[in-house]
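Down below is the structure, laid out as structure tokens.
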Protein chains: 2
Amino acid sequence: MSGIHEVARRAGVSASTVSNVINGRHDKMRPETKRRVLEVIEQLKYTPNIAARQLKLGQNQSLGLIIPSVANPFWGLVAHHVERAARQRGYNLLICNAERDPNVETHYAEAMLSSGITGIILGSSPLSFDYLRDVTARGLKVAAFDQRVDQAKDVITCGVSVDQELGGMLAAQHLIGLGHKRIAMVSGPIKTKSRIGRRNGVKMAMARAGLQLPDDMVWQGGDVVGFGDLEGAELGRIGIRELLSRDDPPTGIVAINDMYALGAYAGARDLGFHIPGDISIVGFDDIILAEIAQPALTTIRQPVPAMAEMIVRMLIAEIEESGNAEDPSFINVTPQLIVRGSTNAVRELQNA
Amino acid sequence: MSGIHEVARRAGVSASTVSNVINGRHDKMRPETKRRVLEVIEQLKYTPNIAARQLKLGQNQSLGLIIPSVANPFWGLVAHHVERAARQRGYNLLICNAERDPNVETHYAEAMLSSGITGIILGSSPLSFDYLRDVTARGLKVAAFDQRVDQAKDVITCGVSVDQELGGMLAAQHLIGLGHKRIAMVSGPIKTKSRIGRRNGVKMAMARAGLQLPDDMVWQGGDVVGFGDLEGAELGRIGIRELLSRDDPPTGIVAINDMYALGAYAGARDLGFHIPGDISIVGFDDIILAEIAQPALTTIRQPVPAMAEMIVRMLIAEIEESGNAEDPSFINVTPQLIVRGSTNAVRELQNA
DNA sequence: TATGGCTTGTGTTACGTTTCACCAACGAAG
DNA sequence: CTTCGTTGGTGAAACGTAACACAAGCCATA
């Protein structure tokens with residue numbers, strides 16, 4: 001309703017002084033003055049107008065987070081930790097849900113930029129960042145979450161990611177170590193950097209063990225449009241059914257993430273397969289439900305709290321000292337294999 | 001970078017005209033002029049500074065959504081649909097996660113208000129809205145999601161909710177119809193309107209059938225602090241174990257929501273109970289995973305897409321024509337019982 | 001008694017937009 | 001030839017804040 005001037009008038013001081021009080025320059029006035037101003041602020045329930053402040057300062061204390069899909073609790077967890085990290089440093093967080101659609105992401109990025117946000121975190125790990133060139137050219141800093149960024153350093157200023165390939169390798173090696181030879185993957189379209197990384201990791205681990213991962217053992221969502229985030233569990237269910245209906249069904253499955261894995265549970269049971277007796281399943285992410293599922297899901301854990309902390313720190317550093325431009329600022333963190341009850345030694349005997 | 005004046009200069013017109021072009025007042029100029037302005041805008045990649053616009057206009061085109069917890073996919077679904085509905089009407093949506101903490105919610109509400117947002121949707125269904133009096137007095141419109149609002153009409157301007165009591169009744173009646181007599185509830189602290197409603201519904205249905213729901217059959221999270229949203233699944237697991245360890249264990253469980261129900265699956269299995277053979281479980285919400293779970297979860301569905309649509313429509317109406325103040329604008333929608341595999345006729349015989 | 005330095009402020013300008021009153025030019029009508 | 005209305009604009013003020021240069025009062029020192 002009423003601005004800084006009204007407060008100033010009632011406290012008998014100038015607007016500048018009120019501004020100083022608000023912004024913590026307490027050494028510039030007598031305690032008595034400060035007390036009086038604070039009193040009026042309290043009494044009027046005055047809050048600074050953020051739009052005016054932002055207009056004046058040219059930027060605000062907010063970060064943006066663009067996530068692929070709220071349908072996957074993993075991203076809920078990420079949002080939670082990113083927000084906490086941002087808030088600790090005095091930044092607000094705006095969360096958007098873009099379903100990995102470049103147009104929607106561009107729209108949000110534009111909206112954020114013109115609302116004064118200068119840094120966003122992007123979770124969609126697209127194959128190309130070209131569509132963001134416009135906004136980055138106009139000053140928006142983009143941090144990549146969930147993707148190793150080697151090229152496109154002109155667009156992306158920093159990044160944190162679990163080592164996707166290593167994650168894929170860990171999953172596959174675990175199954176191989178249990179004697180599995182026919183290993184398949186269940187995924188939505190493998191058209192993001194992170195998914196490609198995971199797939200390649202599985203492939204590499206298998207190759208090292210003298211095994212193959214033929215394309216038709218990598219189920220990619222059939223004719224789903226988009227990336228299959230919204231319907232992940234459903235796709236996992238359909239995918240594993242198709243794979244298990246083959247003449248040479250796999251004995252081990254690496255799901256592209258835990259939602260697909262949980263869906264795969266349902267699909268395997270639809271066909272009467274027992275987990276882990278008949279089919280072993282490994283997930284990726286380690287969402288809360290992985291531990292609750294029956295059997296508890298063996299999966300690759302991403303250390304989300306630490307990753308969130310890092311990426312927020314790096315992005316804020318980029319924003320606040322946007323001059324050094326030196327350190328590449330790309331961190332790869334190590335995923336961890338969490339062995340639970342959904343994987344078991346293969347029972348080749350019964351097939352022989 | 002450069003503002004409306006730079007565009008005006010390059011197009012050889014005044015800033016006012018550029019403003020008119022941007023805001024669609026095309027009848028105020030020649031097509032030729034408009035074309036020239038548009039050309040310069042395109043060429044400069046000019047975007048209006050939202051802060052300045054907002055400062056001038058006093059409010060912006062955004063709605064806020066304060067959700068209890070991103071840890072529960074139900075709220076992810078709500079966020080998704082609310083956002084879609086808002087976007088359709090030209091509004092942006094800011095999503096915040098407040099863990100039902102009145103202080104955090106107040107903080108966010110204040111932040112939103114002072115950033116120009118005039119309408120928020122609140123999902124936490126607290127017992128009292130008093131803590132919001134300040135912000136509503138300063139003009140913030142608050143819509144309640146997930147709660148029937150009878151009092152506090154001075155604070156809350158509109159609301160949409162599933163009929164919580166009816167939902168509870170449907171769940172209990174289903175179990176009663178299957179012959180269950182010892183029915184218990186698993187929940188976090190029953191200290192929100194929605195949870196109280198669900199509990200009362202269960203109680204009423206049981207009373208009508210001549211059954212009792214003693215307090216010690218309503219497990220409320222033990223010594224958990226807060227509302228147990230973050231750890232819902234874990235609490236469900238612990239709670240059902242305590243209930244099933246009693247001398248007179250229940251044969252039917254109504255969980256306060258699907259996350260608790262999924263946790264209850266795990267807890268029942270921990271003790272060797274078979275679902276639904278030994279224990280029947282009913283959830284609430286119908287999240288995606290309810291269908292995927294093994295067995296698929298019998299639950300009470302909330303029609304989220306329709307509810308999101310309604311509440312956004314009502315809130316925007318309140319904002320845009322904030323004068324009529326007439327219609328109460330409280331809608332109760334009907335929940336639906338979805339029978340799946342987690343409930344079964346009681347096997348009293350074996351106990352006898 | 002000057003001089004300087006500290007303390008405790010104040011006045012003004014600028015941020016980029018929208019809006020509203022105003023205006024020039026021109027054709028039509030009286 | 002005047003008056004009027006319409007078309008196609010323009011200029012300036014205002015929104016609420018932060019920053020910067022400046023200043024009044026006062027004390028210590030030379």
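Just so it is clear: chains get the letters A, B, ... in the order the sequence lines come, proteins before strands, and each one is counted from 1. Hydrogens, waters and symmetry mates play no part in the numbers below; they use all other heavy atoms, side chains included.
The side chain to side chain donor-acceptor pair (under 3.5 Å) search around E6(B) returns R9(B), R10(B), not counting sequence neighbours. The salt bridge (charged side-chain N to carboxylate O under 4.0 Å, His left out) test applied to E42(B) returns no partner, not counting sequence neighbours. Residues meeting the salt bridge (charged side-chain N to carboxylate O under 4.0 Å, His left out) test with R313(B), sequence neighbours left out: none.
Within a heavy-atom distance below 4.0 Å of DNA chain C, the residues of residues 27-35 of chain A found are K28(A), M29(A), R30(A), T33(A). Heavy-atom distances under 4.0 Å link DNA chain D to S16(A), S19(A), N23(A), R25(A) of residues 8-26 of chain A, given in residue order. Non-hydrogen atoms lying under 4.0 Å from DNA chain C are contributed by nothing in residues 36-46 of chain A.
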Which donor-acceptor pairs under 3.5 Å do side chains of residues 61-76 of chain A form with protein atoms, sequence neighbours excluded?
from, atom 1, to, atom 2, distance (Å)
S69(A), OG, A71(A), N, 3.0
N72(A), OD1, F74(A), N, 2.9

Check: residues 119-137 of chain A side-chain donor-acceptor pairs under 3.5 Å, at least two apart:
from, atom 1, to, atom 2, distance (Å)
S124(A), OG, E105(A), OE1, 3.2
S124(A), OG, E105(A), OE2, 2.8
S125(A), OG, S194(A), OG, 3.0
S128(A), OG, D130(A), N, 3.0
S128(A), OG, D130(A), OD2, 3.4
D130(A), OD1, R133(A), NH1, 2.4
Y131(A), OH, E105(A), OE1, 2.5
R133(A), NE, D154(A), OD2, 3.1
R133(A), NH2, D154(A), OD1, 3.3
R133(A), NH2, D154(A), OD2, 2.6
T136(A), OG1, L132(A), O, 3.2
T136(A), OG1, R133(A), O, 3.0

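Residue pairs meeting the side-chain hydrogen bond (donor to acceptor under 3.5 Å, both in side chains) criterion with at least one member in residues 49-58 of chain B, sequence neighbours excluded, are Q54(B)-N60(B). Residue pairs meeting the side-chain hydrogen bond (donor to acceptor under 3.5 Å, both in side chains) criterion with at least one partner in residues 84-99 of chain B, sequence neighbours excluded, are H80(A)-N97(B), H107(A)-R87(B), Y108(A)-R87(B), R89(B)-E309(B), Y91(B)-E320(B). Screening residues 67-76 of chain A for salt bridge (charged side-chain N to carboxylate O under 4.0 Å, His left out) gives no qualifying pairs among residues at least two apart or on separate chains.
Each end of the helix from dT1(C)-dA30(D) to dG30(C)-dC1(D) gets its own axis, taken as the rotation carrying the C1' atoms of four end pairs onto the next four within a five-pair window, and the two axes meet at 70° to the nearest 10 degrees.
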